[in-house]
Structures are given as C-alpha cells and as structure tokens.
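Here is the structure we will look at.
Residue numbers start at 1 and run along the sequence shown. Worth saying up front: this structure is predicted, and the values here are computed from it rather than measured.
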Amino acid sequence: SDYAIFCLERQETMLKIYRKRHRSYWQVSIDAFIVTMAIAGIIAAIWCAIIDYIDGWLAILLTVLYGVAIAIFVIDCKSTCELITEYNRYLKQASSIPAALEDVVKIVNSLNEDDTEEDEQ
C-alpha cells in the first residue's frame, strides 16, 4: 500500500508538471506574438516617419517604447524556456526505469525499517 500511495503521489506530481509545461508553452507563444507585434509597430513607426505621416520624434519615441517592450518579453520568454527545459528534465528523470527501481528500493528499505522497529518493540 505504501508503494501504491507513493506511485499515486508521483503521478500527481508529474501531472502538475505537465500542466505547468503546457501553460509555459502558451506563455512562450504569447510572448513571441507580442514581440512580433512590437517589431511590426517599429516598422510602422519608421515607415510613417518616412512618409511624413507622423513627426520624426514620435517615431523615435515609439521605437524606443517598442524596443523596451521587446526586451521585456524576450527576457520573459527566455526564462520561460528555461523553465520548460527544467520541466522536461524532471519528467525525463521521473519516468526513467532506474529512477523507478530506486523508488522501489526506497520503499522496500522503509518497509524493512518499519519491520525492525516493530520487532524491537
């Protein structure tokens, strides 16, 4: 029963990691979309300045603001990608055969320790 409980807890943990990884994929997609839109905004600001639709200073201001937004979302995307890598590493390690065998050994050892404590009493 201890091993079954341990396996259920491990499965619950793995499902949580899968969900977090899935949310992280969505976050990376949204960050990439925002960065793409900011790049389009920079191109539009420069183009509008070239055809004298807006003042040159406004185009510079918009370019700087979009550049800051790009930097923020690229940094967020990078950190999210690092999280995804950690999630993948954990899932790979948790689902490996040697890790499962180590868990079985831990459970057997804990059961043996419980038996020796009962014998001592």
**Phe73 side chain reached by Ile30 side chain, heavy atoms, under 4.5 Å** = no
**Prompt:** Any chain of hydrophobic side-chain contacts (each under 4.5 Å) joining Trp26 to Leu83?
**Reply:** no
**Prompt:** Closest heavy-atom contact between Ala45 and Ala59?
**Reply:** O-CB, 3.5 Å
**Asked** Roughly how far apart are Leu91 CG and Arg89 CZ, rounded to 0.5 Å?
**Response** 11.5 Å
**Prompt:** Do Ile50 and Trp57 sit in the same hydrophobic cluster, where Ile, Leu, Val, Met, Phe, Trp and Tyr count as joined when their side-chain heavy atoms come under 4.5 Å apart?
**Reply:** no
**Message:** With clusters defined by side-chain heavy atoms of hydrophobic residues (ILVMFWY) lying less than 4.5 Å apart, directly or transitively, does Val64 cluster with Trp47?
**Reply:** no
**Message:** Can you list everything that forms a salt bridge (Lys or Arg N to Asp or Glu O under 4.0 Å) with Arg23? Sequence neighbours excluded, please.
**Reply:** none
**Message:** Just verifying a value: how many Å separate Cys81 SG and Gln27 CD, rounded to the nearest 0.5 Å?
**Reply:** 9.5 Å
**Item:** Nearest-0.5 Å distance, CD1 of residue Ile54 to CG of residue Leu61
**Value:** 9.5 Å
**Message:** Measuring from atom SG of Cys77 to atom CD1 of Ile72, what distance do you get when rounded to the nearest 0.5 angstrom?
**Reply:** 14.0 Å
**Request:** Looking only at non-hydrogen atoms, find the nearest pair between Tyr87 and Arg21 and report the distance.
**Result:** CD1-CA, 3.6 Å
Taking only distance into account, with no hydrogens and no angle test, what donor-acceptor pairs under 3.5 Å do side-chain atoms of residues 36-43 form with protein atoms, sequence neighbours excluded?
{"from": "Thr36", "atom 1": "OG1", "to": "Ala32", "atom 2": "O", "distance (Å)": "2.8"}

**Request:** Find the distance between CD1 (Ile17) and CD (Glu86) and round it off to the nearest 0.5 Å.
**Result:** 10.0 Å
**Distance (rounded to the nearest 0.5 Å) between Arg10 CZ and Leu15 CG** = 12.5 Å
**Request:** If you link ILVMFWY side chains whenever their heavy atoms are less than 4.5 Å apart, which other residues fall into the same cluster as Val28? By chain and number, please.
**Result:** Tyr25, Ile84
**Message:** Starting from Ile75, can I reach Ile70 by hopping between I/L/V/M/F/W/Y residues whose side chains sit under 4.5 Å apart?
**Reply:** no
